[in-house]
Amino acid sequence: MEGAQKFFDKEWQRTVYCGDVSGKSGEEIPVVVNGWVRRRRDLGGLIFIELWDHTGAVQVVFNPELTPEVHEQARELRSEFVVSVKGRIHVRPEGTANPSMKTGEWEIVAGDFLRLAPAAPLPFEIGELTDKVDENLRLHYRYLDLRREKMQRNLRLRHKIAMYTRNFLSAGGFLEIETPMLTLSTPEGARDYLVPSRVNPGSFYALPQSPQIFKQILMISGFDRYFQIVKCFRDEDLRADRQPEFTQIDIEMSYLVEEDIFSLIEQYLQGLFKETIGVDVATPFRRMSYWEAMDRFGSDKPDLRIPFEIVDLSPVFAGSSFEPFRDIAARGGYVRGIPLPGGASLSRKNLSDIEEKAKRLGARGLSPFQIKDGELKGPLVKYLDESSQSLLKSSSSIGDGDALFVIAGSDRREVSEILGTLRLELAREHGLVAKGAWEFLWVVDFPLFERDEEAGRWCAVHHPFTSPCSEDIPLMDSNPGSVRSRAYDCVLNGNELGGGSIRIHDPLIQEKVFSCLSFTKEAARERFGFLLDALSSGTPPHGGIALGMDRLAMLLSGAASIRDVMAFPKTQKAQCLMSGAPSAVPGEQLKELCIKTVSAGTSEKHAPSQEKTDPK
RNA sequence: GGGGUCGUAGCUCAGUCGGUUAGAGCGUCGGCCUGUCACGCCGAAGGUCGCGAGUUCGAGUCUCGUCGGCCCCGCCA
């Protein structure tokens, strides 16, 4: 060992990224590369290491004859050590190139190297197989998980989305304006995350569920076009596409009608898909009313990649001798079915499993039909005469080899939702979701209110600032349930990408909506007085939309969950396994905030259990 | 709050009908190896079968509870 100690200085800074190494035959270009030892192959004589950074990997070779001392030190290198290597780019000897590597024609013959940092043995190997590792572990050691090619790709894609969004909207005259993270708690909607105010003992801020009111006020202030890539928070239970904190692309504009938002978003998504994944998206998107979506697909976010839809069979059974269905049809109820192409091959067991599923979803029963060798089969066939049978086939467009599942009920939405869920599950199970398709859709004409039976009042389907359709305003008193709103959702492949509305800009209508929602004048003033005042101060017609950036990134990357496109996501119990948040806090801290917890609040058991994954 | 599913070595998994000392591959550690690229060969270490009760002569295996991950329902304006 020579005495002179080596430090990381200018001399050791990379001159090229690992993935960018290339050369010409006959030349030996001197280079310095920095990175992680992803793999080592020690042949006893020659030592090969694959050195990795975010651009890719390059092979470094240590030769005991050329540099015996350096070779001896290189034997100590292990996975994920951080090193700087000085060497020369060589074309690999005849027959040793690796065509599966971008840099596979070349290698760096090491002249010297500097060990910048060691790494403890890894809890799991870093590579594509890591997808199979317990997500528990991946989240605990997120820094290692993120070092993987795939996670790097996903987060770089996410960055591209953010950049494209800013450029596109900025070029369109939209101004990015930040709105507060410490805001007022609102009673409608999701549960708020609360933040105690030390200087206002007993009072709480809420983290925003969306910057809704602030962006409306920015319109009132005359900014005309606003956008923000913004974190939002909702204290509700998690799903594969739902996290307690998530990122919205939030947009608002003045003096607009629905068409302006539609064409803006269509143009934006068209450009984004081209830019990020090279896909051509056709515009304009399809439009569908809420009730058409419910009737045909049993969902307000239909997946149009699936080539079959719900059919109305009331006319078929109105004339049948099967009493339960005939009566329901006669009383104005709904007899509907979902066809399954190729479903004739389903066994008795398959059919009863599907019926079980339907019952779990709330159906009273499920009647299957199958067409085998041209013959209609099923327990209810005997109740149908010849003409009803052919009406059944023609109205559901089923032919030989297909199946049809029929349910009946008095609630239009309930019947459709059950069939809609079956449609999704059957299509997935039988591989009937068109691959590589991107089916965009605007869902419009949502109801403005829906009945909250538990609370015994009407509540807003979208939010209380959504404008009713002007021709439905007279219905607000007589029949609130039939009032349509000027809200719209953007749906992609059965995912709600985002939603928005034309807002109320008339303070009288806003007060009217509050009263329909059973807010007393006083309560409305207390909660939203500042908005009502603002609305009274000269408000242009305005509206907007918010797109879920995590979902967008998930769909563009093909990830199965938004966790895979977020750097530090939380588990289903809303915990961060890496940092251990949320945690109990010292009593002193609570005292300062004038907060006392009851029961489990301060107990240790709230810390995430780490028996299995504790790094120590 | 509810339903489903999973939990065995650092990782991925196998473990039969409840029966001897719980196995494999990868990784780790040691040895050999000069053109490997998931290097190869030889050897070794490594286990609270998530945790706790119960049934049993005997539990990784059966029962109940509990903790945790994931999927779903409710919830998510």
Side-chain angles (χ1 to χ4, degrees), chain A residues 38-50 57-66 71 78-79 90 92-101 103-104 107 109 120-141 144 186-192 209-210 212-213 232-244 246 357 360-362 417 421 424-425 446 448-450 452 454 458-466 485 487 496 499-501 513 517 546 548 560-561 563 570-573 575 577 605 607-613 615:
Chain A
R38 185 50 46 90
R39 198 152 257 135
R40 104 195 129 94
R41 294 179 283 275
D42 183 347
L43 272 54
L46 293 175
I47 297 171
F48 297 98
I49 64 170
E50 254 166 55
V58 64
Q59 175 163 281
V60 176
V61 54
F62 296 88
N63 189 317
E65 282 160 10
L66 300 176
H71 174 268
R78 291 296 180 270
S79 281
H90 283 233
R92 292 202 197 177
E94 189 76 32
T96 62
N98 182 350
S100 64
M101 254 174 117
T103 61
E107 63 192 1
V109 176
L122 302 175
F124 53 82
E125 266 182 275
I126 297 179
E128 291 320 297
L129 291 175
T130 308
D131 270 342
K132 292 189 147 189
V133 173
D134 231 23
E135 198 168 356
N136 213 339
L137 258 197
R138 288 178 50 205
L139 292 174
H140 199 126
Y141 299 95
L144 294 176
T186 52
E188 292 263 316
R191 290 187 191 88
D192 287 321
Q209 298 177 27
S210 107
Q212 183 58 36
I213 295 177
C232 300
F233 306 84
R234 293 178 191 174
D235 186 5
E236 294 294 344
D237 285 351
L238 284 71
R239 291 284 189 283
D241 63 351
R242 270 164 39 188
Q243 282 274 312
F246 59 99
K357 202 171 284 170
R360 272 203 306 277
L361 294 169
E417 277 179 344
T421 305
L424 288 179
E425 293 194 8
F446 283 86
L448 185 62
F449 304 116
E450 70 190 342
D452 181 344
E454 223 169 279
W458 294 96
C459 54
V461 168
H462 190 54
H463 57 55
F465 319 111
T466 302
S485 73
E496 183 191 333
S501 63
V513 167
L517 295 172
S561 128
R563 295 186 299 277
K570 293 182 174 58
T571 67
Q572 205 160 50
K573 290 206 69 189
Q575 297 175 341
L577 294 183
K605 78 175 203 187
S609 159
Q610 300 181 349
E611 350 167 306
K612 204 184 145 173
T613 54

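Note that this is a predicted model, so its numbers are computed, not measured. Below, read A as the first sequence line, B as the second, and so on, with proteins coming before strands; counting in each chain starts at 1.
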* **Rounded C1' spacing from B:rC62 to B:rG18 in Å** => 8 Å

* To do: Return the nearest nucleotide to the side chain of A:Gln572; candidates are B:rG10, B:rC72, B:rU12.
  => B:rC72

* Among all residues two or more places apart in sequence or in another chain, which pass the side-chain hydrogen bond (donor to acceptor under 3.5 Å, both in side chains) test with A:Glu50? -> A:Arg41

* Rounded P spacing from B:rU8 to B:rC49 in Å -> 11 Å

* So, is A:Gln209 close to the B:rC76 phosphate, meaning a side-chain N or O under 4.0 Å from OP1 or OP2? -> no

* Looking at B:rC70, B:rU12, B:rC75, which one has an atom nearest to any side-chain atom of A:Arg242? -> B:rC75

* **Side-chain N or O of A:Arg563 closer than 4.0 Å to phosphate OP1/OP2 of B:rC71** => yes

* Would you mind reading off the distance between A:Glu417 atom CD and B:rC72 atom P, rounded to a whole angstrom? => 16 Å

* Asked: When only distance counts, do a donor and an acceptor, one from the side chain of A:Asp134 and one from the base of B:rG7, lie under 3.5 Å apart?
  -> no

* Asked: Side chains of A:Asn98 and A:Gln59: donor-acceptor distance under 3.5 Å anywhere?
  -> no

* Length of the CZ-C1' vector between A:Arg360 and B:rG74, whole Å -> 16 Å

* Please identify each residue that fulfils side-chain hydrogen bond (donor to acceptor under 3.5 Å, both in side chains) with A:Lys570, with sequence neighbours left out. => A:Glu245

* Provide the distance between the two P atoms, one in B:rU63 and one in B:rC17, to the nearest whole Å. => 14 Å

* Rounded interatomic separation in angstrom, taking CG from A:Leu424 and P from B:rC73 -> 10 Å

* Spacing of CG belonging to A:Leu448 relative to CG belonging to A:Leu517, to within rounding of 0.5 Å -> 7.5 Å

* To do: Could you encode protein contacts along nucleotides 34-41 of chain B as a string, one character per nucleotide from 5' to 3', using B for base contact, S for sugar-phosphate-only contact and - for no contact, with a heavy-atom cut-off of under 4.0 Å?
  => BBBBSB--

* Asked: A:Lys357 NZ to B:rG3 C1': how many Å, rounded?
  -> 14 Å

* Sequence neighbours excluded, which residues qualify as side chain to side chain contact (heavy atoms under 4.5 Å, CB included) partners of A:Glu236? -> A:Ala190, A:Arg191

* Asked: Nearest nucleotide by nearest heavy atom, which residue falls closer to the 5' end of RNA chain B, A:Arg234 or A:Arg239?
  -> A:Arg239

* Please report, rounded to the nearest Å, how far the C1' atom of B:rC70 is from the NZ atom of A:Lys573. => 14 Å

* Could you state the CG-C1' distance from A:Leu577 to B:rC70, rounded to the nearest angstrom? -> 12 Å

* RNA chain B: A:Glu236 or A:Ser561, which has the more 5' nearest nucleotide? -> A:Ser561

* Mate of B:rG58 where both pairing distances stay under 3.5 Å, Watson-Crick or G-U -> none

* According to a strict under-4.0 Å criterion, is A:Lys132 in side-chain N/O contact with OP1 or OP2 of B:rC11? -> no

* Could you check whether A:Pro123 gets within reach of a base, just the sugar-phosphate, or nothing at all, counting any heavy atom under 4.0 Å? => sugar-phosphate

* Of all residues at least two apart in sequence or in a different chain, which pass the side chain to side chain contact (heavy atoms under 4.5 Å, CB included) check with A:Ile213? -> A:Ile217, A:Phe465, A:Phe528, A:Phe530, A:Leu531

* Report the C-alpha distance between A:Asn136 and A:Leu577 in whole Å, list the side-chain angles of each, state the deciding distance to 0.1 Å, and finish with yes or no for side-chain contact (heavy atoms from CB on, under 4.5 Å). => CA-CA 7 Å; A:Asn136 213 339; A:Leu577 294 183; 3.1 Å; yes

* Under a 3.5 Å cut-off for both distances, is B:rU63 Watson-Crick or wobble paired, and to whom? -> B:rA53

* Watson-Crick/G-U partner (both atom distances under 3.5 Å) of B:rU21 -> none

* Please state how far atom CG in A:Leu137 lies from atom P in B:rG68, giving the value in whole angstrom units. => 17 Å

* To do: Once you apply the 3.5 Å cut-off to both distances, tell me the Watson-Crick or G-U wobble partner of B:rC41, or none.
  => B:rG31

* Asked: For A:His71 and B:rC33, what is the distance between atoms NE2 and P respectively, to the nearest whole Å?
  -> 11 Å

* Taking the P atom of each, how far is B:rC72 from B:rG25, in whole Å? -> 37 Å

* To do: Tell me, please, which residues at least two apart from A:Arg38 pass side-chain hydrogen bond (donor to acceptor under 3.5 Å, both in side chains).
  => A:Glu80

* **Integer angstrom distance from the C1' of B:rG50 to that of B:rA9** => 14 Å

* Distance, P atom - from B:rG54 to B:rA59, rounded to whole angstrom -> 12 Å

* Asked: Which residue, A:Asn63, A:Asp42, A:Val60, A:Val61, forms the side-chain contact (heavy atoms from CB on, under 4.5 Å) with A:Ile47?
  -> A:Asp42

* Provide the distance between the two P atoms, one in B:rU21 and one in B:rG31, to the nearest whole Å. => 35 Å

* For atom C1', what is the distance between B:rG74 and B:rG4, given to the nearest Å? -> 15 Å

